[in-house]
Chemist: 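Mind having a look at this structure? Questions to follow.
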Amino acid sequence: MIQIFDTTDKYPLQKIGKMAGVCWNSPIDSPEKNIKRAKDCITSGHGRVLEYVDIELCISGYSARAIREYYTHIGGAPTRLQESTRYVNCEKFDYYLPQTAKKSAEAEKLYTECMDFIRTKYGELLAAGVSKEDAANLLPLGMMTKIVDKRNLRNMINLMNQRLCTRAYLEIRTLANEIKSALSDYSEEWKWICENLFVPKCDVTGFCTETKCCGRRPKKEVSN
C-alpha cells in the first residue's frame, strides 16, 4: 500500500519551471509558462532542477528484502524511517510469498511452515524473557515492514528507470509500479511525469543495457 502525504509537491512541473525561471531571470507568475519551461528542462536533460520537487510517502505491505533494495537508491539525499523491530511485537508478522513458492502445493506448504515456525519460536523467546530487539534477529527478510520515505524527483526517476526494468526482482518492480500509480493519481502534473519519465531504462536509452536481455528492446551493438 502506498500513501502519498500532502507534503508532496502537488504541482511539480510548476515548481520546476519556477525555479528554472529564477535562474533564467524570467517571469515566474504564469503556471502555463512555468509548466512549459519545466518540460523544456526535462527534455533537455537539465536534471538538477528536478531535485527541488519533494516526494513524501508511506510504503507498507512489502518485505524487508524489497525495502532493502529500495534503500539502495540513496542519491539526492533521500531519507526514511522504518517500522521498529526493537519496540514492535512481531509475533504475528505477515510475509511475502514469492511466485516460485506458489508453483506447487508442496513448495507453498514448506514455505509457510518455515514462516510459522519462526513466528512460534519468536513468541516463545519473548515468553522466556528475551527482549523484542534480541528476538528480532530471527525475523526473516520476507517479513512485511513499513517505512516513511522522502526523496526528490530526480532520484525517483532514477529509481523508476532501474526498478521498472523486467530484470528487476518482481516484488520491487510491483512496488515501483504501485508508487507510479499513486503519484499519477495525485495530480495531472504528476500524471504527465509518471507517463513520460517513470519508464524502464531501455525506454530512455533506446536499447537494453543488461547482460541478460529480456528482449523488450534490442541490445546495443558493441564494436570490437
Side-chain angles (χ1 to χ4, degrees), residues 1-13 16 39 42-43 47 50-51 53-76 78-83 94-103 111 140-218:
M1 178 179 176
I2 306 298
Q3 179 185 359
I4 306 297
F5 292 134
D6 58 11
T7 45
T8 297
D9 287 310
K10 192 83 172 182
Y11 305 104
L13 295 176
I16 291 168
K39 292 181 178 179
I42 290 168
T43 56
L50 304 180
E51 295 174 9
V53 176
D54 288 325
I55 302 165
E56 297 186 14
L57 48 82
C58 178
I59 300 171
S60 60
Y62 286 88
S63 71
R65 179 185 180 187
I67 295 302
R68 191 169 70 170
E69 288 195 33
Y70 189 81
Y71 281 173
T72 63
H73 296 272
I74 58 175
T79 189
R80 58 265 171 179
L81 300 169
Q82 185 167 359
E83 184 178 38
D94 290 325
Y95 56 86
Y96 177 68
L97 183 64
Q99 292 295 315
T100 52
K102 298 178 183 178
K103 286 187 174 180
Y111 195 95
L141 282 175
M143 184 185 80
M144 298 301 191
T145 188
K146 180 187 295 185
I147 67 167
V148 175
D149 182 71
K150 178 180 179 179
R151 63 188 61 237
N152 65 55
L153 176 57
R154 189 180 197 182
N155 180 265
M156 185 63 85
I157 291 171
N158 176 265
L159 186 153
M160 290 292 173
N161 294 162
Q162 297 292 330
R163 300 302 180 172
L164 291 176
C165 171
T166 55
R167 292 283 301 152
Y169 185 58
L170 177 60
E171 189 186 9
I172 195 168
R173 186 157 25 110
T174 302
L175 169 57
N177 273 303
E178 190 176 357
I179 293 172
K180 177 178 177 178
S181 177
L183 283 171
S184 183
D185 292 339
Y186 193 57
S187 73
E188 284 300 312
E189 292 186 22
W190 274 110
K191 184 177 181 180
W192 185 91
I193 288 171
C194 291
E195 290 177 352
N196 291 277
L197 305 179
F198 290 179
V199 296
K201 58 187 175 182
C202 63
D203 283 359
V204 179
T205 61
F207 55 85
C208 178
T209 61
E210 292 286 322
T211 301
K212 297 181 180 179
C213 181
C214 75
R216 186 173 180 273
R217 294 267 187 174

Chemist: Testing the basics here: between K10 and Y186, what is the closest heavy-atom pair and its distance to 0.1 Å?
Modeler: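 Closest heavy-atom pair between K10 and Y186: NZ-O, 3.0 Å.
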
Chemist: Return the NZ to CG distance between K201 and L164, rounded to the nearest 0.5 Å.
Modeler: 11.5 Å

Chemist: Evaluate L183 against I193 for side chain to side chain contact (heavy atoms under 4.5 Å, CB included), listing each step before the verdict.
Modeler: CA-CA 9 Å; L183 283 171; I193 288 171; over 6 Å; no

Chemist: Using a 4.5 Å cut-off on heavy atoms from C-beta on, say whether the side chain of K103 contacts that of Q99.
Modeler: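 No. Closest side-chain heavy atoms not under 4.5 Å.
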
Chemist: Would you give the length of the straight line joining atom CG of N177 to atom CZ of R163, rounded to the nearest 0.5 angstrom?
Modeler: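 Separation between the atoms: 13.0 Å.
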
Chemist: For the atom pair OH (Y111) and CG (L97), what is the distance rounded to the nearest 0.5 Å?
Modeler: 6.5 Å

Chemist: Taking it one step at a time, do Y96 and T174 satisfy side chain to side chain contact (heavy atoms under 4.5 Å, CB included)?
Modeler: CA-CA 12 Å; Y96 177 68; T174 302; 6.0 Å; no

Chemist: Judged by atom type as modelled, is there a donor-acceptor pair below 3.5 Å linking the side chain of E171 to the main-chain atoms of S63?
Modeler: yes

Chemist: Nearest 0.5 Å, what's the CD-CG distance between Q82 and D149?
Modeler: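 It comes to 11.0 Å.
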
Chemist: Compare all side-chain heavy atoms of N152 with those of I55 and state whether any distance is below 4.5 angstrom.
Modeler: no

Chemist: Using 0.5 Å steps for rounding, measure from the CZ atom of R154 to the CG atom of L197.
Modeler: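 The CZ atom of R154 sits 12.5 Å away from the CG atom of L197.
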
Chemist: Please evaluate residues I172 and R65 with respect to the criterion side chain to side chain contact (heavy atoms under 4.5 Å, CB included), reporting the C-alpha separation (whole Å), side-chain torsions for both, the decisive distance (0.1 Å), and the verdict.
Modeler: CA-CA 9 Å; I172 195 168; R65 179 185 180 187; over 6 Å; no

Chemist: Which distance, rounded to the nearest 0.5 Å, do you find between the CG of D9 and the CG of L153?
Modeler: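 Spacing of CG (D9) from CG (L153) equals 9.5 Å.
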
Chemist: Of all the heavy-atom pairs spanning Q162 and A168, show the shortest one and how long it is.
Modeler: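 Q162 and A168 have their closest heavy atoms at O-CB, 4.0 Å.
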
Chemist: Can you find a heavy atom in the side chain of R217 that is under 4.5 Å from one in the side chain of D203?
Modeler: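 Yes, at least one pair of side-chain atoms sits under 4.5 Å.
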
Chemist: Please check if any side-chain donor atom of R68 sits under 3.5 Å from a side-chain acceptor atom of T145, or the reverse.
Modeler: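 Per modelled atom types, R68 and T145 side chains form no pair under 3.5 Å.
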
Chemist: Under a 4.5 Å cut-off applied to non-hydrogen side-chain atoms, are W190 and V53 in contact?
Modeler: yes

Chemist: Could you tell me whether the side chain of P12 reaches within less than 4.5 Å of the side chain of W192, counting heavy atoms only?
Modeler: no

Chemist: Is the shortest heavy-atom distance from the side chain of E69 to the side chain of L175 under 4.5 Å?
Modeler: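 The answer is no, as the side chains (C-beta and beyond) never meet within the 4.5 Å cut-off.
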
Chemist: Under 3.5 Å, is there a donor-acceptor pair between the side chain of R151 and the main chain of H73?
Modeler: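 Flag set: sc R151 to bb H73 pair under 3.5 Å.
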
Chemist: For L13, is there any backbone N or O sitting under 3.5 Å from a side-chain donor or acceptor partner on E189?
Modeler: yes

Chemist: Assess the residue pair E178 and I59 against the criterion (side chain to side chain contact (heavy atoms under 4.5 Å, CB included)); give the C-alpha distance rounded to whole Å, side-chain angles, the decisive distance to 0.1 Å, and a yes or no.
Modeler: CA-CA 10 Å; E178 190 176 357; I59 300 171; over 6 Å; no

